[in-house]
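Heads up: the structure comes next, in structure tokens.
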Amino acid sequence: EVGVDTDDSGSNTFDSRLAYVGLSSNAIGDVSVGRQSHPYTDNVATRASIFNVYGGNASFSYGTRSSNSLAYSNNIGPLSINALTVVDGSSGEDDGMDSYEWSASADVLGSNVSAGYADDIVNDISYYGVSAKTTLDKLTVSSSYTIKDAATDLTAWEVAGKYSILSVGYGDKENTGTYTTIGLAKDLGPNLTVYAETEMADNDGSTVDTEKWSIGTKFTF
């Protein structure tokens, strides 16, 4: 038995859950409040995270899920817009806004391209980047390029491709290291998948290099 925490500060694999309420309108878009996912992270920073366990480490982003958030999304012609702000008062600002971010996505020349920006007001750090996903027959290629704008700007990029049951990814995160990820995944039905993956991290400086592997099954319902 696993409890569900809809208002925690982290993102525990088992008990951290999205929890929000809102309104949806064809005319003005969707508005919601609660514990929600970050659009810049989902649509830009982790676009190359195509694996079941690993991948997506070579990117810079503000957060994954946050409570006390207000989100907005809408489709304007071919453009899909998503925005989110966190307002729990940690910034000490009069308006209570701690962070805000947005992403915009559109299909361009056969690829789905996204761009976005995130501003961590509490720590005075900005994040921005672009990502793309292209599918050619059985081959799918996803990539991201992100920048962390702090006292010293840092960059990260990641590319991952999937062909049939094989997935391969590589990324470079400045001042952190490089990541090579390889995975095999096979669907045994419409809901059941078995997989095996490994990630090799070549860390910068004196940090010990690591190699991780995982095998498992995933049932989607």
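Here Tyr170 pairs with Trp157 under the ring pair (Phe, Tyr, Trp, His ring centres under 6.0 Å) rule; sequence neighbours left out. Scanning for side chain to side chain contact (heavy atoms under 4.5 Å, CB included) contacts around Asp202 gives Thr178, Asp209, with sequence neighbours left out.
Minimum interatomic distance between Lys133 and Thr140 (heavy atoms only, all atoms of both residues): CE-CG2, 3.7 Å. When all heavy atoms of Val44 and Gly116 are compared, the pair lying nearest together is CG2-N, 3.8 Å. The two atoms that bring Ser144 and Ala58 nearest to each other are OG-O, 4.5 Å, heavy atoms only. For Ser66 against Val86, the heavy-atom pair with the smallest separation is CB-CG2, 3.7 Å. In terms of heavy atoms, Arg47 sits closest to Ala132 at CG-O, 4.1 Å.
In this structure, Lys173 places its NZ atom where more than 12 heavy-atom neighbours from other residues, nucleotides or ligands lie under 6.0 Å away. Annotation for Asn26: atom CG does not count as buried by contact number, only 12 or fewer foreign heavy atoms lying within 6.0 Å. Surrounding CD1 of Ile215 are at most 12 heavy atoms belonging to other residues, nucleotides or ligands under 6.0 Å away.
In this structure, Ser131 contributes its side chain and Asn43 its backbone to a donor-acceptor pair below 3.5 Å. In this structure, the side chain of Thr85 does not engage the main chain of Leu70 through any donor-acceptor pair within 3.5 Å.
Evaluation of the ring-ring contact (aromatic ring centres under 6.0 Å, His included) test over residues 58-83, restricted to residues two or more places apart or in two chains, returns His38-Tyr62.
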For side chain to side chain contact (heavy atoms under 4.5 Å, CB included), just list the numbers for Tyr117 and Tyr40, CA-CA rounded to whole Å, side-chain angles, deciding distance to a tenth of an Å, and then say yes or no.
-> CA-CA 7 Å; Tyr117 175 82; Tyr40 173 79; 5.6 Å; no
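Considering only heavy atoms from C-beta on, Val194 comes within 4.5 Å of Leu188 through its side chain.
No hydrogens or angles considered: nothing links the side chains of Glu197 and Ser214 as a donor-acceptor pair under 3.5 Å. With no hydrogens or angles considered, no side-chain donor-acceptor pair links Ser80 and Ser105 at under 3.5 Å.
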